[in-house]
Protein chains: 2
Amino acid sequence: MDKEAFFHKLVTFTTAVHEVTFDLTKDVRPEGITPVQYSILEYIAVSQPVTLSQISDCKNISMPNTSRELKKLTEKNLCEKLDVAEDRRKQMIRLSDAGQAMMNKAFEQIGERFLDRIKDSSTEELEEINRALDVLQSKVFNSGK
Amino acid sequence: MDKEAFFHKLVTFTTAVHEVTFDLTKDVRPEGITPVQYSILEYIAVSQPVTLSQISDCKNISMPNTSRELKKLTEKNLCEKLDVAEDRRKQMIRLSDAGQAMMNKAFEQIGERFLDRIKDSSTEELEEINRALDVLQSKVFNSGK
DNA sequence: CTCTTTAATTATCATTTGATAACAAAATCG
DNA sequence: CGATTTTGTTATCAAATGATAATTAAAGAG
């Protein structure tokens, strides 16, 4: 297969992934939470506890802006800042109970939509999908590269 | 495999796809083009010719805002509006020569980075990746669903 | 102990984006 | 034909985001 076509295939694929994730996550964002704030919460939910710098790096948001958004989120009681004993400059961020509940609910909705999306797949097909995810994750979409 | 773990795997995967596409496309956006404008140009490049409504639908941008951004893009001579004979309300949008050249250059850069990313894969692995893309595209990330 | 680096904050500003209302022109429907 | 729907435009406003400079405090290096 020639590289041109391969590249085109990848573009089409990533576009589809973006569209589908948009569909899956559409409307799950609670009122009063901006898109950027939601994406930060999602990141915290998956990787907690995290530092401010980690959020800034991984989500490509400048430190001042990360700090600002995080301040708003803590003011809304959705996450908590914990001091780090070994390094008193750092702060570990994690979801508060309210924040955790909120994200659980969001993930639940997304999960339902996802299951609905693959509900017609047989067990073998699911295994196939599973293997395909492994392949792509390890050989193409390995972000540590 | 239980659904919980499967879902988590999907979340991890889509996150990785987002991160990698961010890396691949980072810095290719020409000066003076906003992120939204670039994403519109990308869509036009792949699907041209398209109508304003198609852009609005596919990119989830309201018609007034699509119209506004497209106006800016035509003013920059990056795309052209063509009247449609059969329906004089409609306009087909396509890239101008300058716009096409710009996007070719951007895609070239992205392509290079992509090839670099898979350069260590053997022919069999590429075939494997290719099949994996097909599987996921058809069974999970089929946006027409 | 000083100098430098890292982590985070605050303040401020410009730009981008999203949302809404009001409009016009062409197509379609009954 | 008249009413309605579709397609696109213009204007305007508010909110979200991005970018920068200046500052604090702690850690680490020499």
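Just so we're on the same page: letters track the sequence lines, and every chain starts at 1. Note that the coordinates shown come from a computational prediction; the quantities given were computed from them, not determined experimentally.
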Does [X] use its side chain to pair, donor to acceptor, with the backbone of [Y] at less than 3.5 Å?
| X | Y | result |
| --- | --- | --- |
| T21(B) | V17(B) | yes |
| R131(A) | A132(B) | no |
| N65(B) | I61(B) | no |
| H18(B) | T14(B) | yes |

Both D87(B) and K81(A) contact DNA chain C. Taking the nearest nucleotide for each, which residue is further toward the 5' end? K81(A)

Whole-Å distance separating the [atom1] atom of [X] from the [atom2] atom of [N]:
| X | N | atom1 | atom2 | answer |
| --- | --- | --- | --- | --- |
| E86(B) | dA25(C) | CD | P | 22 Å |
| R88(B) | dA24(C) | CZ | P | 18 Å |
| I93(A) | dA7(C) | CD1 | P | 14 Å |
| I40(A) | dA16(D) | CD1 | P | 13 Å |
| K90(A) | dT9(C) | NZ | C1' | 17 Å |

Can you classify the ring geometry of F13(A) versus F141(A) as parallel (below 30°), tilted (30 to 60°) or perpendicular (above 60°)? tilted

Quick one: sort the F6(A) and F114(B) rings into parallel, tilted or perpendicular, breaks at 30° and 60°. tilted

For the helix from dC1(C)-dG30(D) to dG30(C)-dC1(D), how many degrees between its two end axes (five pairs per end), to the nearest 10°? 40°

If you take any heavy atom closer than 4.0 Å to DNA chain D, which residues from residues 47-76 of chain A end up in contact? P64(A), N65(A), R68(A)

Would you call D116(B) and R113(B) a salt bridge, taking side-chain N to carboxylate O under 4.0 Å as the test? no

Validation row: Q54(A), T51(A) side chains within 4.5 angstrom (heavy atoms): yes

Would you say [X] reaches [N]'s phosphate, i.e. side-chain N/O to OP1/OP2 under 4.0 Å?
| X | N | result |
| --- | --- | --- |
| R89(B) | dA27(C) | no |
| Q91(A) | dT9(C) | yes |
| T34(B) | dT15(C) | no |

With D57(A), which residues qualify under side chain to side chain donor-acceptor pair (under 3.5 Å), at least two apart? none

